[in-house]
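Keep in mind the model is a prediction, meaning the values are calculated, not measured. Numbering starts at 1 and runs along the sequence shown.
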Amino acid sequence: MFYKVKAKCGHVGRNNYIEKTFYVTAHSGKEAARKVRYLPRVKHDRKDAILSVEQISRTEFVEGNAANSIDTYFKVTNSSEQRLLKAVDPGEIRPEPHSKKYKKKRDVSYIMKRMKILQKQYDKMMSEIVYG
């Protein structure tokens, strides 16, 4: 089945995001969202990174992938190129809703716990891919 997944993408400034649509194949919407969440440029650390998941037809999938292949945002490899090529229209950049994500002082134990959780999620995802 084919899915259109809207996600928050980064590399447009701190506490900002740009909404981009990804076209993926998956067995369910949940699997499609998980695939997109770990693609490059998607904000991995945000719980609300996936904005919507919608099942689509094959023709819409092919047209969407063709549109993404010519999008300069997906072609650049670093932020310097992004600025030079003006890959992002300033009107597309949206501010993140206020959160307590960025604090002046960070507790080291919090960071270590978070890293362990992320590592477990990554290991689980990779084992599902490898061992199916």
Side-chain angles (χ1 to χ4, degrees):
M1 289 190 267
F2 304 101
Y3 290 91
K4 174 170 77 170
V5 181
K6 288 187 181 180
K8 290 182 178 181
C9 294
H11 304 289
V12 289
R14 187 172 179 171
N15 291 325
N16 293 322
Y17 72 95
I18 184 169
E19 187 178 306
K20 288 293 183 178
T21 305
F22 296 87
Y23 298 87
V24 294
T25 58
H27 296 293
S28 68
K30 196 173 189 177
E31 182 184 346
R34 188 174 62 227
K35 280 184 176 182
V36 170
R37 184 177 187 85
Y38 293 102
L39 286 177
R41 295 189 175 264
V42 174
K43 290 196 170 239
H44 310 295
D45 61 334
R46 303 292 301 193
K47 287 183 180 179
D48 60 345
I50 304 301
L51 300 171
S52 68
V53 179
E54 181 183 331
Q55 191 172 354
I56 58 171
S57 66
R58 181 177 176 78
T59 56
E60 194 174 348
F61 172 78
V62 172
E63 290 169 0
N65 272 336
N68 278 356
S69 68
I70 60 171
D71 189 351
T72 53
Y73 178 77
F74 295 116
K75 287 186 173 188
V76 296
T77 56
N78 58 44
S79 58
S80 299
E81 279 183 23
Q82 186 171 307
R83 280 190 300 275
L84 285 172
L85 296 175
K86 294 183 173 67
V88 177
D89 179 27
E92 293 181 27
I93 298 173
R94 299 181 180 153
E96 284 282 357
H98 273 311
S99 67
K100 296 180 181 177
K101 183 177 181 320
Y102 297 104
K103 296 178 181 176
K104 292 281 183 182
K105 292 182 182 178
R106 282 202 162 174
D107 183 20
V108 176
S109 63
Y110 164 76
I111 294 171
M112 295 303 292
K113 285 179 186 177
R114 185 166 169 252
M115 291 302 294
K116 284 181 184 178
I117 290 168
L118 288 173
Q119 184 65 40
K120 283 181 183 179
Q121 287 176 345
Y122 176 78
D123 290 341
K124 183 178 178 185
M125 183 185 76
M126 291 307 291
S127 66
E128 287 176 4
I129 291 171
V130 174
Y131 301 112

Visitor: State yes or no: do Phe74 and Phe61 share one hydrophobic cluster built from I, L, V, M, F, W and Y residues joined by side-chain heavy-atom distances below 4.5 Å, directly or via other members?
Guide: no

Visitor: Considering the options Arg94, Lys8, Arg41, which one meets the salt bridge (Lys or Arg N to Asp or Glu O under 4.0 Å) requirement together with Glu19?
Guide: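 Only one option passes, and that is Arg94.
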
Visitor: Are there over 12 heavy-atom neighbours, none belonging to Lys6, within less than 6.0 Å of that residue's NZ?
Guide: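 No, not enclosed.
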
Visitor: Do Val24 and Val42 belong together in a cluster built from hydrophobic side chains that touch within less than 4.5 Å?
Guide: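 Both belong to a single hydrophobic cluster.
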
Visitor: Looking at CD of Glu128 and CE of Met125, how far apart are the two atoms once the value is rounded to the nearest 0.5 Å?
Guide: 9.0 Å

Visitor: With heavy-atom distances below 4.5 Å as the criterion, would you say the side chains of Lys35 and Glu31 are in contact?
Guide: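 When only atoms from C-beta onward are counted, Glu31 and Lys35 do touch, with a gap below 4.5 Å.
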
Visitor: Would you say Asp71 and Lys20 make side-chain contact, with heavy atoms under 4.5 Å?
Guide: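 Side chain of Asp71 against side chain of Lys20, heavy atoms only: contact under 4.5 Å found.
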
Visitor: What about Tyr73 and Ile50, same hydrophobic cluster or not, with Ile/Leu/Val/Met/Phe/Trp/Tyr joined at side-chain heavy-atom distances under 4.5 Å?
Guide: yes

Visitor: State which residues pass salt bridge (Lys or Arg N to Asp or Glu O under 4.0 Å) with Glu81; sequence neighbours excluded, sorted by chain then number.
Guide: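 With neighbours one apart ignored, the set is empty.
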
Visitor: According to a 4.5 Å side-chain heavy-atom criterion applied to Ile, Leu, Val, Met, Phe, Trp and Tyr, with indirect links allowed, do Tyr3 and Val36 form part of one hydrophobic cluster?
Guide: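 Yes, it is one cluster - the side chains of Tyr3 and Val36 are joined through contacts under 4.5 Å.
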
Visitor: Looking only at heavy atoms, which two atoms of Arg37 and Asp45 are closest? And how far apart?
Guide: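 What the structure gives for the nearest pair is NH2-C, 4.5 Å.
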
Visitor: Measure the spacing between CD of Glu54 and OG1 of Thr21 and express it to the nearest 0.5 Å.
Guide: 9.5 Å

Visitor: Kindly check if the number of other-residue, nucleotide or ligand heavy atoms within 6.0 Å of OH (Tyr38) is above 12?
Guide: yes

Visitor: Between atom CE of Met115 and atom CG of Leu118, what is the distance when rounded to the nearest 0.5 Å?
Guide: 6.5 Å

Visitor: Please give me the minimum heavy-atom distance between Lys43 and Asn16, naming the atom from each residue.
Guide: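 Distance-wise, the nearest heavy atoms are NZ-O, 2.9 Å.
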
Visitor: Give the minimum heavy-atom separation between Ala7 and Phe22, together with the two atoms involved.
Guide: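 Answer, listing the atom of Ala7 first, then Phe22: CB-CE1, 4.0 Å.
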
Visitor: According to a hydrophobic-cluster definition based on side-chain heavy atoms being under 4.5 Å apart (Ile, Leu, Val, Met, Phe, Trp, Tyr only), do Tyr17 and Ile93 belong together?
Guide: no

Visitor: Measure across Ala26 and Ala32 and return the closest heavy-atom pair with its distance rounded to 0.1 Å.
Guide: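 The answer is CB-N, 3.6 Å.
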
